[in-house]
Amino acid sequence: MLPNPYTPSGRPRVFVGREVERRRLRDRLARVVVYGEMMGPLAVATGPRGLGKTSLLRDVQAHAQESGFVVAWVSGVKHQPFLADVVDRVTRTLDRAGHLAKPGRGNRLQEVGVEVGVGLAKVSAKIARPKDAAGGSPALVGPVEDFFHRASNMVREAGGAGLLLIIDELHAPLQSRREREYDPDPRAVLDAAVLLNAVQNMEGDREDYPLGVMGAGLPETKAYLTRAATFGERTHEFVLHELDRATAQAVLIEPSRRLGVDWDAIALDAAVTAGGGYPQSLQIIGAATWDAAQPAEGATLTLADLEGGRATSEADIASLFHARWDVATDAEKALLLAMARHTDSEIKRGAVAAEMGVDTEALGMTRRSLISKGIIEAPRRGVLRFTIPGFAAYVRAQDDRGVELPVADSRPALVRHDGRTHEWSSTSSHEPPSRGPAR
């Protein structure tokens, strides 16, 4: 049986799309490879959940490793400081990278791991202690610069290209702990400020640092970084959006073709329309269709296969909707309902305020909180929209019946192909899976 190429365990893994962003990030890494100097300021991919930020950075990670980088991957934790984890992950990654040591030079990187481990203890202690016994403030930025200088140059000296640090979920440590005001964990803010200042200083002496620093986060990430330190404004932001139709088709076609399986034109058109250009939805639909078809090499996925996997894909997409609705506060749900009553796409903030009977300024904190949670976004000034296709219909269902309803009616009702019409029924009785507390 062929493995499902749309699931994380499927082989081969295929990354499709985001060519502009991939090229720009690879170009920055090329500076490190060729000149042995820092790639530039912090580069961060931002966008709502499900648009492929992590997948993009995993693709960059694979390319970097092929180019001779040691790559340290860190994921931010909500409301928690992260710099000690960064240093720890770099240390552990260097310890495991002994294969870069050249013959005759000994296992130099294992020695580096021990050396850097000592640095970790020193840096972590200083970060954890805002004041020393004498009442003075310890140096924070300098030790971090020294740490990266030592680690990145040891990789270069051992025959590698340099060190690449990737911080996923960069927004999480800096998110507010309160709903009505921005109140982040001060330790996390300190870590961000130290990292930004260190990156700024290292960029000034870039020829001494064969290093790259990248991250990914929700749309508010750059704003959080700028709050932590003014150098956050210099962050190179790569904003991800929904996929165009041609790229969405490629997302479904390319993984299956690697295993000798094609898509029927009618099924492909229906799947792309149902996915709405949202990478996560397309992946769910592709995986469900594949599992329903159980294709052999040389087979073609058809509309019948798409329908066969429909119950599974609807349940999985419903769980996405349920999770987003469930984390919203009552005030946030009121705003979501006001948006959904008017549109499935974009709506002016003034129209939302009018629907709720309030002034536009009254939406401020609630709007920002929903953006921080990745449920809505502001594509332009004064405009709001949902970040996942189909969610507006799901929200209207909560308004109409007061219970969590099936996701079927959030799909396009009609999918046209070759002059004919195929109905994607909106009368399915599938209920959202019961994940989390009953409501």
Side-chain angles (χ1 to χ4, degrees), residues 46-51 78-79 169-186 188-189 192 217-228 230 232-233 237 239-242 278 320-405 410 436-437 439:
T46 66
R49 299 188 187 281
L51 288 187
K78 193 172 184 179
H79 304 155
E169 297 288 306
L170 186 52
H171 62 277
L174 301 172
Q175 286 182 312
S176 179
R177 298 172 297 181
R178 300 183 184 182
E179 293 288 344
R180 303 302 299 175
E181 60 180 304
Y182 183 62
D183 178 37
D185 186 287
V189 175
L218 293 178
E220 294 287 273
T221 302
K222 188 171 182 178
Y224 290 156
L225 293 172
T226 303
R227 282 175 178 263
T230 56
E233 294 179 348
E237 185 178 22
V239 181
L240 303 190
H241 301 286
E242 293 173 6
Y278 190 69
L320 298 180
F321 294 162
H322 173 85
R324 296 190 181 200
W325 181 255
D326 201 46
V327 299
T329 65
D330 289 344
E332 290 165 358
K333 288 176 179 177
L335 193 153
L336 294 174
L337 285 168
M339 288 178 60
R341 287 171 186 149
H342 280 264
T343 183
D344 288 319
S345 55
E346 297 183 352
I347 182 173
K348 291 185 177 180
R349 188 168 59 185
V352 178
E355 173 71 25
M356 298 178 68
V358 300
D359 186 85
T360 56
E361 296 300 318
L363 303 181
M365 285 302 303
T366 304
R367 176 185 64 86
R368 285 193 290 273
S369 180
L370 285 169
I371 292 174
S372 295
K373 292 177 179 179
I375 300 175
I376 66 173
E377 63 180 336
R380 297 184 304 282
R381 184 176 179 81
V383 175
L384 301 174
R385 72 170 180 174
F386 295 105
T387 59
I388 180 171
F391 188 62
Y394 179 86
V395 172
R396 286 194 295 272
Q398 316 314 305
D399 192 22
D400 291 341
R401 291 175 53 181
V403 297
E404 292 172 350
L405 298 180
S410 69
R439 300 186 61 79

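These values consider heavy atoms only, across backbone and side chains, with no hydrogens, waters or symmetry-generated copies.
Between P379 and E377 the shortest heavy-atom distance is CD-O, 3.4 Å. For the pair G232 and T226, the tightest heavy-atom approach, listed with the atom from each and the gap, is C-OG1, 3.5 Å. P48 and L240 make their closest contact through CD-O, 4.3 Å (heavy atoms, listed as atom of the first residue, atom of the second, distance). Taking both residues in full, the closest heavy atoms of L225 and A192 are given as CD2-CB, 4.4 Å, listed atom of the first, atom of the second, then distance. Scanning both residues, A188 and L174, for their nearest heavy atoms gives O-CD2, 3.6 Å. Taking both residues in full, the closest heavy atoms of L384 and R367 are given as CD2-CD, 3.6 Å, listed atom of the first, atom of the second, then distance.
Taking the charged nitrogens against the carboxylate oxygens, R324 and E332 have no contact shorter than 4.0 Å, which rules out a salt bridge.
Note that the CZ atom of R380 and the NZ atom of K348 stand 9.0 Å from one another [nearest 0.5 Å]. Atom CZ of residue F386 and atom CZ of residue F321 lie 10.5 Å apart, to the nearest 0.5 angstrom. Annotation: the span from L336 atom CG to I376 atom CD1 amounts to 6.5 Å, rounded to 0.5 Å. To the nearest 0.5 Å, atom OG1 of residue T221 and atom CG of residue L170 are 6.0 Å apart.
The salt bridge (charged side-chain N to carboxylate O under 4.0 Å, His left out) search around K222 returns none, not counting sequence neighbours. For R381, there are no salt bridge (charged side-chain N to carboxylate O under 4.0 Å, His left out) partners, not counting sequence neighbours.
Between T46 and the choices E237, E220, H171, the side-chain hydrogen bond (donor to acceptor under 3.5 Å, both in side chains) rule is met once, by E237. Each of R178, H79, Q175 was checked for a side-chain hydrogen bond (donor to acceptor under 3.5 Å, both in side chains) with D183, and the lone residue meeting it is R178.
With T366 contributing its side chain and L363 its backbone, the two residues share no donor-acceptor pair below 3.5 Å.
For E181, the CD atom is densely surrounded, since the number of other residues' heavy atoms within 6.0 Å is greater than 12.
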One pair to check against side-chain contact (heavy atoms from CB on, under 4.5 Å): L51 and T387. What are the steps and the verdict? CA-CA 9 Å; L51 288 187; T387 59; over 6 Å; no
